[in-house]
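For reference, the structure is listed below as structure tokens.
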2 protein chains.
Amino acid sequence: MGVALQNDSFTISDLAREFDVTSRTIRFYEDEGLISPERRGSARLYSRADRARLAWILRGRAVGFALADIRELLDLYEPGRARRGQLEATLEKCRARINALHEQRDAIDATIAELDQFCATITAKL
Amino acid sequence: MGVALQNDSFTISDLAREFDVTSRTIRFYEDEGLISPERRGSARLYSRADRARLAWILRGRAVGFALADIRELLDLYEPGRARRGQLEATLEKCRARINALHEQRDAIDATIAELDQFCATITAKL
DNA sequence: CTTTACCTTTACGTTCGCGTCAACATCAAA
DNA sequence: TTTGATGTTGACGCGAACGTAAAGGTAAAG
């Protein structure tokens, strides 16, 4: 049985189990440039940072981001070059995302409200 | 120019313009059984109720529902038959949806928080 | 040494949500 | 009457996000 590879690293199926996705999905995200684990031979070895990154990816997915969007946002986090124009552009993109998320949340709230109301109507009929 | 067809009905491109989708999209939703406007000859004629229904569909889409899910939810609204077992099943599905929406909202809040934080970091660098 | 349980790559298949012609009808304005 | 503008029904196409074999490597356990 899996003897704990090395205390702070995970196999692909460790992460798959933990986050309830398939290994295929995780490999696909790697193909798409979203994550880049180390290799031990040919096998993938995920660090805690990789694990956190995957969590971010999956939360992005949960809020409806396309994978390309997620990759872009993750790239923004990279503190690579800090030219002023770049930073301003990044800021703009980031704010646009935030605005979209606020609207989406409003839509969710409205939907929850309607469904709650509907539940109440049904409950009344019982 | 379009002289107002009849006060409370709309053409497909009226709705397309109003909701910023293409006519193709609206027809597609009809193919999928999400909406069923009347016909004036072969042309579609949307009532206010149809318009409201389309709004519901699009908000469902905005919160990430699949079209099949939206159809199911719209079907639940139909007050057709009221067998007790049916009502209970409907109630369950409805509550499950609500729970999922709450989780999704939490994910959105967390993402907003992180992006806000990130914006602040960038702003500090400027 | 063989089995079991993983891992790998390659590659074709599938579902969803439309986009994009094509070919045709209708109706009002010029 | 010709010309748009708008409507219609197919039907094929496409990108996204994986699913699903197929074929094989590796390492520990029996």
Side-chain angles (χ1 to χ4, degrees), chain A residues 1-6 9-47 50-51 53-54 56-74 104 107, chain B residues 1-6 9-47 50-51 53-54 56-74 104 107:
Chain A
M1 290 273 289
V3 194
L5 213 44
Q6 208 155 307
S9 52
F10 313 87
T11 71
I12 194 168
S13 39
D14 287 340
L15 295 187
R17 265 186 297 275
E18 178 174 357
F19 293 109
D20 194 33
V21 296
T22 67
S23 298
R24 168 65 172 119
T25 295
I26 301 180
R27 288 193 201 100
F28 179 70
Y29 293 164
E30 185 173 348
D31 289 344
E32 296 296 301
L34 300 182
I35 192 169
S36 309
E38 290 174 22
R39 300 293 184 124
R40 186 165 184 153
S42 68
R44 292 167 175 81
L45 250 191
Y46 297 86
S47 67
D50 290 329
R51 184 179 147 284
R53 193 176 175 95
L54 180 59
W56 211 101
I57 293 169
L58 294 176
R59 203 180 57 194
R61 182 181 75 166
V63 308
F65 288 164
L67 294 189
D69 299 339
I70 297 177
R71 182 178 42 206
E72 192 184 338
L73 287 170
L74 285 172
Q104 199 182 335
Chain B
M1 290 274 288
V3 194
L5 214 44
Q6 207 155 310
S9 53
F10 315 86
T11 70
I12 194 167
S13 38
D14 287 340
L15 295 187
R17 265 185 297 275
E18 179 175 357
F19 293 108
D20 193 34
V21 296
T22 68
S23 299
R24 168 66 172 118
T25 295
I26 301 180
R27 289 193 199 98
F28 180 70
Y29 293 164
E30 185 172 349
D31 289 345
E32 297 296 300
L34 300 183
I35 193 169
S36 309
E38 291 173 22
R39 300 293 184 125
R40 185 167 185 153
S42 68
R44 292 166 173 82
L45 251 190
Y46 297 86
S47 66
D50 289 329
R51 183 179 148 285
R53 194 176 174 93
L54 179 59
W56 212 102
I57 293 169
L58 293 176
R59 203 179 57 195
R61 182 181 75 166
V63 308
F65 288 163
L67 296 187
D69 298 339
I70 297 177
R71 182 178 45 205
E72 192 184 337
L73 287 170
L74 286 172
Q104 200 181 334

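Small disclaimer: the values here were computed from a predicted structure and weren't measured. Values reported hereafter were calculated over all heavy atoms of this structure, with side chains retained and with hydrogens, waters and symmetry mates removed. Below, read A as the first sequence line, B as the second, and so on, with proteins coming before strands; counting in each chain starts at 1.
In the set D:dT6, C:dC6, D:dT9, the nucleotide with an atom closest to the side chain of B:Ser13 is D:dT6. Here the nucleotide nearest the side chain of B:Ile12, chosen from C:dT9, D:dT9, D:dG7, is D:dG7.
Atoms CD1 and CZ, on B:Ile26 and B:Phe10 in that order, are 11.5 Å from each other to the nearest 0.5 Å. Of the inter-residue distances, the one linking B:Leu15 atom CG with B:Thr25 atom OG1 reads 12.5 Å to the nearest 0.5 angstrom. Taken to the nearest 0.5 Å, the CG atom of B:Asp69 stands 6.5 Å off from the CG atom of B:Leu73.
The two residues B:Ser23 and B:Ile12 make their nearest non-hydrogen contact at O-CD1, 3.6 Å.
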Exercise. Stepwise, does the side-chain contact (heavy atoms from CB on, under 4.5 Å) test hold for B:Phe65 with B:Arg59?
Worked result: CA-CA 9 Å; B:Phe65 288 163; B:Arg59 203 179 57 195; over 6 Å; no
Problem set entry | Letter per nucleotide, 5' to 3', of nucleotides 16-25 of chain D [B base touched, S only sugar-phosphate touched, - untouched; heavy atoms, 4.0 Å] | -BBBB-----
Seminar exercise, completed: In 5'-to-3' order, the base (B), backbone-only (S) or no-contact (-) status of each nucleotide in nucleotides 21-26 of chain C, using a 4.0 angstrom heavy-atom cut-off, is ------
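Look at B:Arg17 and B:Asp14 and you find a salt bridge, because one of the NZ, NE, NH1 or NH2 atoms lies within 4.0 Å of a carboxylate O, short of that distance.
Atom OH in A:Tyr46 sits about 11 Å away from atom C1' in C:dC7, given to the nearest Å. We find that CZ of B:Arg27 is positioned 13 Å from C1' of C:dC18, with the value rounded to whole Å. Spacing between atom CZ of A:Arg44 and atom P of C:dC6 amounts to 17 Å, rounded to whole angstrom units. What separates CD1 of B:Ile70 from P of C:dC18 is a distance of 9 Å, to the nearest Å. Atom CZ of B:Phe10 and atom P of D:dG7 are 14 Å apart (whole Å). If you take CG of B:Leu15 and P of D:dG7, they are 10 Å apart, rounded to a whole angstrom. Nucleotide C:dC7 holds its P atom 13 Å from the CZ atom of A:Arg40, rounded to whole Å. If you take CD1 of B:Ile57 and P of C:dG17, they are 12 Å apart, rounded to a whole angstrom.
Between the side chain of B:Ser47 and the backbone N or O of B:Asp50 there is at least one donor-acceptor pair closer than 3.5 Å.
Inter-residue side-chain proximity for A:Asp20 and A:Leu58 is flagged as unmet; no heavy-atom pair is nearer than 4.5 Å.
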With a cut-off of 3.5 Å and sequence neighbours excluded, list every side-chain donor-acceptor pair involving residues 29-38 of chain A.
{"from": "A:Tyr29", "atom 1": "OH", "to": "A:Arg61", "atom 2": "NH1", "distance (Å)": "3.3"}
{"from": "A:Glu30", "atom 1": "OE1", "to": "A:Arg44", "atom 2": "NE", "distance (Å)": "2.5"}
{"from": "A:Glu30", "atom 1": "OE2", "to": "A:Arg39", "atom 2": "NH2", "distance (Å)": "3.2"}

